[in-house]
Asks: 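Okay, handing you the structure first.
Excluded from the calculations below are hydrogen atoms, water molecules and symmetry mates; all remaining heavy atoms, backbone and side chain alike, are included. Small disclaimer: the values here were computed from a predicted structure and weren't measured.
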Amino acid sequence: MSAGFVGVVVSDPSLQGQFTQVELRSLKAKFVSLKRDSGHVTTKNLPGLMKKLRGLNEVVSEEEIAAFLSESYPDSDQEIEFESFLRVHASRRFSELLNWNVDSRTGMVRYSQTILMRLWNLALFPQEYLNLQARVSAKEGGAGAGGGGGKTSFLKSSITTLLHNINQAEKSSYVAHINTYLRDDPFLKKYLPIDPAGNQLFDLIRDGVLLCKLINVAVPGTIDERAINKKRVLNPWQRNENHTLCLNSAKAIGCTVVNIGTQDLVEGRPHLVLGLISQIIKIQLLADLNLKKTPQLVELFDDSKDIDEVLSLSPEKMLLRWMNHHLKKAGYKKIVNNFSSDVKDGEAYAYLLKALAPEHSPETTLDTKDPEERAKLVLEQAEKLDCKRYLTPKDITEGSANLNLAFVAQIFQHRNGLTSDTKQVTLTQTATRDDVLLSREERAFRMWINSLGVESYVNNVFEDVRNGWVLLEVLDKVSPGSVNWKLATKPPIKLPFRKLENCNQVIKIGKQLKFSLVNLAGNDIVQGNKKLIVALLWQLMRFNILQLLNKLRFHSQGPQGKEITDADILNWANSKVKASGRTSRMESFKDKSLSNGLFFLELLSAVQPRVVNWKVVTKGETDEDKKLNATYIISVARKLGCSVFLLPEDIIEVNQKMILTLTASIMYWSLQKQPQSPSEMPEQSDPSSMASDAASDVGSEDGASTIAPSESEDVNSLSDSISNLTMDDATSIAPSTENGNVVAES
């Protein structure tokens, strides 16, 4: 299917270079849809699109935009082609950049000369948009757009695809990491070590094996290696499967990968590849920076610190707190707030190593006045702890945030200097079965929310949703336009009643969406009631997947079809397996016979016969065999194109919510891959037949990565709405932050 895939081609190479193939297919589908509905696309269609541009949407009406455009385009019926349509969306990206550079104190837009020159050279600022932006600024008196409508999440993807400068120091460090951790891999060792100076890295990742292996280094067991295509020479289909497995697995460990598709990895786009590798490596390096993995971290907090707040700290913030803890003990008078400007002189590192490894820290390091010389001495000391790998003296003095973070994380891994006395730490040893289940569900919700491409990055669901803002962002994703951002307050929120207002709006929207919210009030969210929060998030996920399935039903059946229910998903799965000639059957999403995994392997084989290798499937009779099958199921589903966030234990224990997630995700992929005729759509069931499960079932989304363009064009915008996969580009012009975009798996 994918052998002949060439993607969407634009005649202007500079314009095409600003979009990934995922974005181009989605925009092409939107353009085709507009053209199909009205026969042609004209300037008359532009006001509605420009109204959505960041910086315009809160302060200017469609009518005002139309009036402005009429000055440049008197003929509103003037037809525009796809490339003109693309330029409008390119303007949208730069409007995000405009907003991102608004000074929080003055509301004025700030630019560096470098940014302005790049924007000018790219020539993607249509004069009409700039003029309109100027009018908006005048209208606002220089203030930035208000409310919560301004999502910087778009920057996570847009800037990374616009500015393609590669940081060679970071590239060299990532290559060194790969050479170190994968040098003994049976399949890859013949290709390693990689030369950091050339393009060997980008050539090697084209078949997808290296990235899959790197994910397993970061979070062992994420990908079942039996699902990776590892032949010496792979055909386009097999490469596509590997990259699909990689991207869906990256999401499942906490990477944000919006607007990157399999074709981008096949092409080896350096800025996207390095951005993804950067996130995977960060997750590996920061994996132990939480109380579950390193309970001794409680030493960093006083007894009055709320444990939930401690648990919610991002790994980067935890690492900074750990560093400052030791710096204070060593007599360092300053506070390190970041991994760039605050460590450029190397002094903090000298004190840190003095505290952790005094045997390797001579006084001459602190006495040295030259920052470059001090940085060199610091790395010589660190090398004795095997911690030099990630940076050079120049990286320290230039304040390379990514590499300095990696350096400090490596010091933490080798010598954290914390007490081994854990008698006061019992939070992970006394967990009940309900606590374990809640923890697994929290992880699934966390990964799902982060995969949506919202601005906020969730580190701990139960803590991070308490101000209501994250939930409003999620609602805006799954039900666009449902949130009144003028009534919402963006973090940081100091006044408790503002948090309550946000949470009350969440409840109000939930009721409008017909969620079952009995006994759930805004204050329950503010107070962090875990079970009620889980019930709400479950309904959000379930609503998302049912909504997507219903959109596909609408495309095939028109408005006369009934809404798809949980029972329809169950019936579809059973009918698919039966049609393939097998006899397995699922009685409900709680059916204990599902624990051996055979039904789901048969379902996956039914929707794509070649995807399951039956030679590696077990009978599922022992606990070990069940675990092997469950692990294989998850990897095969992701390889197929399903974004699922469950764990093998969820299949083995038949977690009703996660079982529905898995089934619905396979169904969505199958229907999207092969649009069904009305007779092939699931037979409608009584909507009330599973109404009791409405408050306890989850939806998932599908990356739809293996769909050929001809099959996916009309539904790609649907995929875009769920698979808004974001990635932080290590080489972006956006300033690095130490607390924003990567989280260790818990």
Asks: Find out whether L537 and V474 are in side-chain contact, i.e. whether some heavy atom of one side chain is under 4.5 Å from a heavy atom of the other.
Replies: no
Asks: Should K657 and D650 count as an ion pair when the cut-off is N to O under 4.0 Å?
Replies: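 Salt bridge absent between K657 and D650.
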Asks: Can a donor-acceptor pair be found, under 3.5 Å and without considering hydrogens, that links the side chain of D464 to the backbone of V461?
Replies: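 The answer is no, because no donor-acceptor pair under 3.5 Å joins these two groups.
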Asks: Are the charged groups of D184 and K189 less than 4.0 angstrom apart, N to O?
Replies: no
Asks: Taking the side chain as everything from C-beta on, heavy atoms only, tell me whether N655 gets closer than 4.5 Å to E441.
Replies: yes
Asks: With no hydrogens and no angle check, just 3.5 Å: does a side-chain donor-acceptor pair link Q200 and D195?
Replies: no
Asks: Is the backbone N or O of A287 less than 3.5 Å from a side-chain atom of N290, with the two atoms forming a donor-acceptor pair by type?
Replies: yes
Asks: Without swapping roles, check the side chain of S580 against the backbone of A606 for a donor-acceptor pair under 3.5 Å.
Replies: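 No, S580 side chain to A606 backbone: no donor-acceptor pair under 3.5 Å.
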Asks: Evaluate the side chain to side chain donor-acceptor pair (under 3.5 Å) criterion for residues T622 and K627: first the C-alpha distance (whole Å), next the side-chain angles of each, then the deciding distance (0.1 Å), finally the verdict.
Replies: CA-CA 9 Å; T622 66; K627 180 73 175 287; over 6 Å; no
Asks: Please answer whether the main-chain N or O of L291 pairs with a side-chain N or O of T294 as donor and acceptor at a distance below 3.5 Å.
Replies: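 Here the side-chain-to-backbone pair does not exist.
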Asks: Run the salt bridge (Lys or Arg N to Asp or Glu O under 4.0 Å) check on K576 and E602 step by step: do they pass?
Replies: CA-CA 9 Å; K576 269 290 179 183; E602 291 178 356; over 6 Å; no
Asks: I'd like to check P648 versus K626 (side-chain heavy atoms, cut-off strictly below 4.5 Å). Are they in contact?
Replies: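 Counting from C-beta outward, P648 and K626 never come under 4.5 Å.
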Asks: Checking the side chain of N574 only, and the main-chain atoms of M586 only, is there a donor and an acceptor separated by less than 3.5 Å?
Replies: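 Between the backbone of M586 and the side chain of N574 there is a qualifying donor-acceptor contact (under 3.5 Å).
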Asks: Is there a side-chain contact between V217 and I178 in this structure, where contact means two heavy atoms from C-beta onward sitting under 4.5 Å apart?
Replies: no
Asks: Given L204, which partner from the list L211, V209, L210 fulfils the side-chain contact (heavy atoms from CB on, under 4.5 Å) test?
Replies: L210
Asks: Does K592 pair with E653 as a salt bridge, N-O distance under 4.0 Å?
Replies: no
Asks: Within the side chain of N199, is there an N or O that forms a donor-acceptor pair under 3.5 Å with the backbone of F202?
Replies: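 Checking the backbone N and O of F202 against the side chain of N199, no donor-acceptor pair under 3.5 Å is found.
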Asks: Can a salt bridge be assigned to the pair E587 and R585 using a cut-off of 4.0 Å between side-chain N and carboxylate O?
Replies: yes
Asks: Among R239, Q238, E241, find the one that has a side-chain hydrogen bond (donor to acceptor under 3.5 Å, both in side chains) with N229.
Replies: E241
Asks: Under 6.0 Å from the ring centre and within 45 degrees of the ring axis: does the NZ or CZ of R582 meet both conditions for the six-membered ring of W614?
Replies: yes
Asks: Can you tell me if S584 and K578 form a side-chain donor-acceptor pair at under 3.5 Å?
Replies: no
Asks: Would you indicate whether the side-chain heavy atoms of N629 and F600 approach each other to under 4.5 Å?
Replies: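 F600 vs N629: side chains apart.
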Asks: Going by atom types only, do Q284 and H177 share a side-chain donor-acceptor pair under 3.5 Å?
Replies: yes
Asks: Donor-acceptor check, side chain of K530 to backbone of L438, threshold 3.5 angstrom: yes or no?
Replies: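 The answer is no, because no donor-acceptor pair under 3.5 Å joins these two groups.
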Asks: Under a plain distance cut-off of 3.5 Å, with no hydrogens placed, do Y174 and S278 share a side-chain donor-acceptor pair?
Replies: yes
Asks: Can a donor-acceptor pair be found, under 3.5 Å and without considering hydrogens, that links the side chain of N450 to the backbone of Y457?
Replies: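 Judged by distance alone, no pair lies under 3.5 Å.
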Asks: Any side-chain to backbone donor/acceptor pair from S249 onto C246? Under 3.5 Å, distance only.
Replies: no
Asks: Just by distance, with hydrogens left out, do N240 and T262 show a side-chain donor and acceptor under 3.5 Å apart?
Replies: yes
Asks: W572 side chain to M667 main-chain N or O, any donor-acceptor pair under 3.5 Å?
Replies: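 Side chain of W572 to backbone of M667, a donor-acceptor pair under 3.5 Å: no, none is there.
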Asks: When you compare the side chain of Y632 with that of N613, does any pair of heavy atoms fall below 4.5 Å?
Replies: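 In contact.
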Asks: For K619, does the NZ atom sit with more than 12 other heavy atoms under 6.0 Å from it, leaving out its own atoms?
Replies: no
Asks: Out of I666, I564, I545, which residue meets the side-chain contact (heavy atoms from CB on, under 4.5 Å) rule with I569?
Replies: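 Going through I666, I564, I545 one by one, the side-chain contact (heavy atoms from CB on, under 4.5 Å) with I569 is satisfied by I564 alone.
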Asks: Is any side-chain heavy atom of D591 closer than 4.5 Å to a side-chain heavy atom of V654?
Replies: no
Asks: May I ask you to decide whether E225 forms a salt bridge with K230, counting only side-chain N to carboxylate O separations under 4.0 Å?
Replies: yes
Asks: Could you tell me if the side chain of C642 sits less than 4.5 Å from the side chain of N248, heavy atoms only?
Replies: no
